[in-house]
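Quantities reported herein were computed from a predicted structural model and do not represent experimental measurements. So that the names make sense, note that chain A is the first sequence line, chain B the second, and so on, each numbered from 1.
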2 protein chains.
Amino acid sequence: MAITIKDVARESGVNVSTVSRALNGEYGVHSDTRELVLAVAERLQYRPNRVARGLVTGRSHTLALVVSDIRNPFFAEVARGAEDAAYASDYDLVLCNSDLDAEKQLRYVESLMEKRVDGILMNSVAELSKKQVEQLSNVGVPIVLLNRAAPRNAFSTICADNDAGGVLAAEYLWKLGHRKIAHLTGPRHHGNMTERANGFVRALSEARKPVKPVVLHGKNNFQGGMELAQKLLAQHEDVTAIFAASDMMAFGAIRALMEAGKRIPEDVSVIGFDNVELSTIVNPPLTTIHQPKYEIGQAAVEILLRLAGRGEHQAPEHRVFGVHLIERRSCMERKS
Amino acid sequence: MAITIKDVARESGVNVSTVSRALNGEYGVHSDTRELVLAVAERLQYRPNRVARGLVTGRSHTLALVVSDIRNPFFAEVARGAEDAAYASDYDLVLCNSDLDAEKQLRYVESLMEKRVDGILMNSVAELSKKQVEQLSNVGVPIVLLNRAAPRNAFSTICADNDAGGVLAAEYLWKLGHRKIAHLTGPRHHGNMTERANGFVRALSEARKPVKPVVLHGKNNFQGGMELAQKLLAQHEDVTAIFAASDMMAFGAIRALMEAGKRIPEDVSVIGFDNVELSTIVNPPLTTIHQPKYEIGQAAVEILLRLAGRGEHQAPEHRVFGVHLIERRSCMERKS
DNA sequence: CCTATAATCAAAAACGTTTGCAAGGTTTAT
DNA sequence: ATAAACCTTGCAAACGTTTTTGATTATAGG
């Protein structure tokens, strides 16, 4: 049996309440007794039971991160930033993979509530019904979303400036002389990606000579990028530039293009979004829009902890990080 | 205030113990009362407090995964497998990044113990002192290691057949005609990588015409691969083939080689280990040793749950997964 | 020297569950 | 018909902490 606070109380001849105070460094315990208690606790290798503590304090010192898939390098980076920040404040982080499945996502939240986590960080990418949003709002624990949400609801949000990123990509491609342009993006209703698409097509439509890109929706991963690029080649052989809504999709697109005998960037330029580490090693190195993934994860739990510290209802915080273009070698000028 | 079991007891006119039994589907409660209780619980939106339950049952329904860095695609894949398996059994998974730091690793374990996790899955890659191993053995919660450990200690282990993988790489390179061979590997004392190295050099030394590869140690990531390849080029210009102990290191090596003006595979062949998803998209596609990452994570928590189910001291389980060579285009024949 | 105040600690309640035990009531078997 | 077995339920004790309250002692001010 594990040794409890009672054991160290008995062993040091004081009451458990005194042990508790001594160990937690609270005011009102004589330095002599404190030292004694500390010594005994050390000798007995006492480890406080955090679930017992959690029961009385109502706080579990645990945060949760629910992402669609941790294998997505973007989320891995966010997760690392989040975990580091949590660790720094002595919080644990539980990991959940929702696969964009609204039901699974809600099941996770429910389970997390039962466990009394102190905050949830999630990319609520799935379309939630009004009822679900309501349910989520009332869980009583702070939630920060990794994407901008409908302004009415009460979640805090943190994300990159997706719209600006889309604009950056559009301007870049346009200046390079491209006029037959495609945008490969994720599922409809994916908040972040929708914003990227919006910025992109808007910027192109406002160019000196407006361009209307073809926009294809698919899965946000390597596979999805491949499939969309294949579909694109079948329908629009003549595109000279592709903006992929994520680096993973860009990788898939590049693969499909190469298999179809296209050279990059000579035949078609490709630009991605995220700037994941691997984008430097693919060949050619991927031109992309950088967003601060680690910092987003980090900032998210900082917000979470701040909200968790305050009681009950707090004003939601919002934060958007700037993005910038990383020019590598997957795009080139198009003289038409 | 959240609503508790007492509320539903009062509301349905029965004792809390009956509510508990009804909700947990235990034997010995009349179907009428059960239905009533269930209805009331539903109406009141009752959510049991898992912390309180954990206190009495002594089980937290939580597992932990401590890896060196979740950004390493290998670990991301393992994590996903582990989380899926945990989710299937209604367990939560907390994520920890140890950075190969022995002290940080132990701090994590200590914190996890305080939280009464039901099992820990870790790649104990750091060199642990005898005292630390002992400490770990006595924590009282099942631990499964992602690498083979010293046989004396009581941890369960699960990993790929690293030695065989090393042999595979050696035989492949040798048959292709390479005789000037290098092996870029991770830090010394990295269990899995040491085994890969062992298999590799042994197989080469037992070849018809024995070869002694140069072995360089460094960091197990993209950066480390780059640095080692640069060092290698400076010291041994004449190598014609490189076996990298992980795909990430292989990517780094390829990058360094390309920057040094080498063509792959014409000038130098490169073979990796892991077969991460990205290895198909790098150019040239990477020839590598496949190990079943997702399955390893999955199997690890299955073992963990089995061990957690049984009481106290159980015989450790060991499992090793087979590996195989994936031939792509980063290696070619060498006629010397 | 006496009282008011502060410092130190013990006692006990609380947190929300599960669970062993016993008390009823109801069926079954003899 | 009665004892034995069984089913259903309530009661209360855990689980290991924190925290409030109150008592005892030491300190200080006059």
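Within residues 34-45 of chain B, no residue places a heavy atom under 4.0 Å from DNA chain C.
Rounded to whole angstrom, the span from the CE atom of B:M113 across to the P atom of D:dG16 amounts to 14 Å. Nucleotide C:dC9 holds its C1' atom 14 Å from the CD1 atom of A:I5, rounded to whole Å. Taking atom CZ of B:R53 as the reference point, atom C1' of C:dC15 lies 16 Å away to the nearest angstrom. Whole-Å rounding puts the B:N24 CG to C:dG20 P distance at 13 Å. Whole-Å rounding puts the A:Y46 OH to D:dT18 C1' distance at 11 Å.
For the pair B:V94 and A:L95, the minimum side-chain heavy-atom distance is 4.5 Å or more.
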Practice item. Decide side-chain hydrogen bond (donor to acceptor under 3.5 Å, both in side chains) for A:S60 and B:K115; before the verdict, give the C-alpha distance in whole Å, the side-chain angles of both, and the deciding distance to 0.1 Å. Key: CA-CA 9 Å; A:S60 61; B:K115 188 156 264 175; 5.7 Å; no
Check your understanding: Can you check side-chain contact (heavy atoms from CB on, under 4.5 Å) on A:M122 and A:L146, steps first, answer last?
Key -> CA-CA 6 Å; A:M122 62 192 240; A:L146 285 175; over 6 Å; no
Review point. Taking it one step at a time, do A:R306 and A:E317 satisfy salt bridge (charged side-chain N to carboxylate O under 4.0 Å, His left out)?
Key: CA-CA 10 Å; A:R306 210 170 324 140; A:E317 285 189 37; 2.8 Å; yes
Check your understanding: Given the rule in the side-chain hydrogen bond (donor to acceptor under 3.5 Å, both in side chains) test, do A:S111 and B:R50 qualify, once you have shown the distances and angles that lead to the verdict?
Key -> CA-CA 9 Å; A:S111 161; B:R50 281 221 255 164; 2.7 Å; yes
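Distances shown here put a side-chain N or O of B:Y27 below 4.0 Å from the OP1 or OP2 atom of D:dC7. Regarding contacts with the backbone of D:dT9, every side-chain N or O of B:N15 stays at 4.0 angstrom or more from both OP1 and OP2. In terms of phosphate contacts, B:N49 brings no side-chain nitrogen or oxygen within less than 4.0 Å of OP1 or OP2 of C:dC15. Proximity of B:S17 to the phosphate of C:dT19: no side-chain N or O atom is located under 4.0 Å from OP1 or OP2. For the OP1/OP2 pair of C:dC9 and a distance below 4.0 Å, the side-chain nitrogens and oxygens of A:T33 include at least one atom meeting the criterion.
Minimum atom distance to the side chain of B:H30 is reached by D:dT8, of the listed D:dT8, C:dT18, D:dT17. Among the nucleotides D:dT18, C:dT17, C:dG16, the one closest to any side-chain atom of A:L55 is C:dG16. Listed nucleotides: C:dA10, D:dT17, D:dT18. Nearest to the side chain of A:T4: D:dT17. Looking at the side chain of A:A52, the nearest of the listed nucleotides D:dT17, C:dA10, D:dT18 is D:dT17. With D:dG10, C:dT18, C:dC9 as the choices, the nucleotide that has an atom nearest any side-chain atom of B:T18 turns out to be D:dG10. Closest contact between the side chain of A:K6 and the listed nucleotides C:dG20, D:dC15, C:dT17 involves D:dC15.
When each of A:R148, A:H318, A:R319 is tested with A:T157 by the rule side chain to side chain donor-acceptor pair (under 3.5 Å), just one qualifies, namely A:H318.
With values rounded to the nearest 0.5 angstrom, A:S20 atom OG is found 5.0 Å from A:I5 atom CD1.
Side-chain atoms of B:R116 stay outside donor-acceptor range of the base of D:dG16, with no qualifying N/O pair under 3.5 Å.
Across all strands shown, B:V14 has heavy atoms under 4.0 Å from sugar-phosphate atoms exclusively, and none from any base. At the heavy-atom level, B:R21 lies under 4.0 Å from base atoms of the strands shown.
Ring geometry, A:Y87 versus B:Y108: the interplanar angle falls from 30° to 60°, so the pair is classed tilted.
Residue B:V56 is the one, among A:T57 and B:V56, whose nearest nucleotide of DNA chain D lies closer to the 5' end (criterion: closest heavy atom).
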